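Just so you know, these numbers come straight off a predicted model, no measurement behind them. No hydrogens, no waters, no symmetry mates; every other heavy atom, side chains included, goes into these values. We number each residue from 1, following the sequence as shown. In each ligand, atom 1 is the first atom listed, and ligand 1 is the first ligand listed.
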Amino acid sequence: MKAITGIGLFVIVGFLTAYLIGFQPNLKEQLPYDEEQRGLKDQITIKFSHVVAENTPKGLAASYFSKLVTEMSNDRIEIQVYPNGMLYTENTEVAALRRGDIQMMAPSFSTMSAINKSWLAMDLPFAFDNQDEVEQALNGELGKKLFQTLDPYGLKGVAFWFNGFKQLTSSTNPLLTLSDFKNVKFRIQPSPVIERQFKMLGASTAVLPFNEVYHNLAVGNVSGQENTISNIVSKKLYQVQHYMTLSNHGYLGYAVVFNRNYWNNLPSDVQEILTEALRRTTEWTNQQAVKHEEKLNRLQKDDSLQINILSDEVRRQWKEQSKVLYEEFMPKIGKELMQYIPGP
Ligand code: LMR
């Protein structure tokens with residue numbers, strides 16, 4: 001009898017509870033409305049990974065862009081910048097962007113050549129004589145064609161940022177004639193053109209990520225490298241090298257790239273803000289890049305570094321020798337694209 005009463009009571013309480021819950025007004029709808037919560041839903045965070053120091057042309061451009069976007073969007077869009085290869089190195093950043101783990105990056109042209117061989121054109125020695133030639137080519141047909149190569153890889157090129165012309169450093173001997181390269185093992189970026197450039201001079205090479213260059217030069221795993229003055233100064237590479245040759249033999253620049261899907265799915269007003277911020281940053285950074293070359297003054301004060309200038313005659317010989325590379329890489333780069341490279 002007791003058991004039957006218990007079950008009855010249980011059923012009645014169950015019905016009552018269900019009834020009460022069922023007819024409760026929706027609690028969620030009754031919560032006070034909170035502006036900040038809506039703001040959070042609209043918040044857009046873009047992860048931007050790169051491999052250089054914050055005080056280099058690319059590092060500064062990334063920070064400038066990030067600040068500008070915050071201001072222009074009233075804090076709605078946040079560009080999170082990860083410098084110094086702290087998230088991804090040259091070897092892993094492209095895959096991370098394609099997966100969507102980061103949304104934007106600004107790899108060097110050499111790194112881009114791992115995606116599509118056309119980008120090797122930018123690594124050819126003596127491709128450009130001066131900054132104006134570089135700008136004309138990249139702001140014109142060459143730039144357009146290079147960005148088109150990214151379509152099949154789910155990437156979208158949005159700007160070119162400049163760093164400058166590359167110089168040579170070594171610890172074994174000054175690099176004044178073409179035969180001086182023989183004893184040097186150069187750290188290089190991942191680019192078959194750069195590898196051939198040094199092999200043709202009888203030097204050996206090792207591909208290493210940028211943030212491992214200092215250490216490898218210091219312990220003698222490699223004895224030379226090529227880079228822009230701003231990268232040599234910001235990474236203090238001059239401290240582990242004895243000689244520098246101002247050669248301007250190659251160019252270092254960056255493609256600013258988004259994950260295409262991510263970009264396409266951004267609201268159009270966000271795309272507009274990013275486009276305008278990129279336009280302003282590009283203009284700003286490309287003016288700054290030239291100023292970074294003034295960092296040479298700092299190097300000139302360093303007694304332990306001997307600075308030489310490549311003579312006109314050796315430059316002429318090196319240019320002559322480089323022509324073979326143009327022939328060799330033409331099939332990979334494509335004849336059409338090669339016509340936009342002034343060359344030696
Ligand atoms: C390098 O030598 O790897 C650097 O030039 C890379 C960079 O992004 O500047």
Geometric class of the Phe128/Tyr251 ring pair [parallel <30°, tilted 30-60°, perpendicular >60°] | perpendicular
Scanning both residues in full, the closest heavy-atom pair of Met244 with Ile229 reads CE-CG1, 3.9 Å
Between ligand 1 and the protein, which N/O pairs are shorter than 3.5 Å?
residue, atom, partner, partner atom, Å
ligand 1, 2 (O), Arg187, NH1, 2.7
ligand 1, 2 (O), Asn227, ND2, 2.9
ligand 1, 3 (O), Arg187, NH1, 3.4
ligand 1, 3 (O), Arg187, NH2, 2.9
ligand 1, 5 (O), Asn227, OD1, 3.3
ligand 1, 5 (O), Asn231, ND2, 3.2
ligand 1, 8 (O), Lys58, NZ, 2.7
ligand 1, 9 (O), Asn231, ND2, 3.0
ligand 1, 9 (O), Tyr254, OH, 2.6

Looking at Glu141 and Lys145, does any basic side-chain N land under 4.0 Å from a carboxylate oxygen?
-> yes
May I ask you to decide if the ring planes of Phe198 and Phe186 are parallel, tilted or perpendicular, using 30° and 60° as cut-offs?
-> parallel
Are Asn84 and Lys235 close enough that a side-chain donor and a side-chain acceptor fall under 3.5 Å?
-> yes
Other residues, nucleotides, ligands: >12 heavy atoms within 6.0 Å of Lys319 NZ = yes
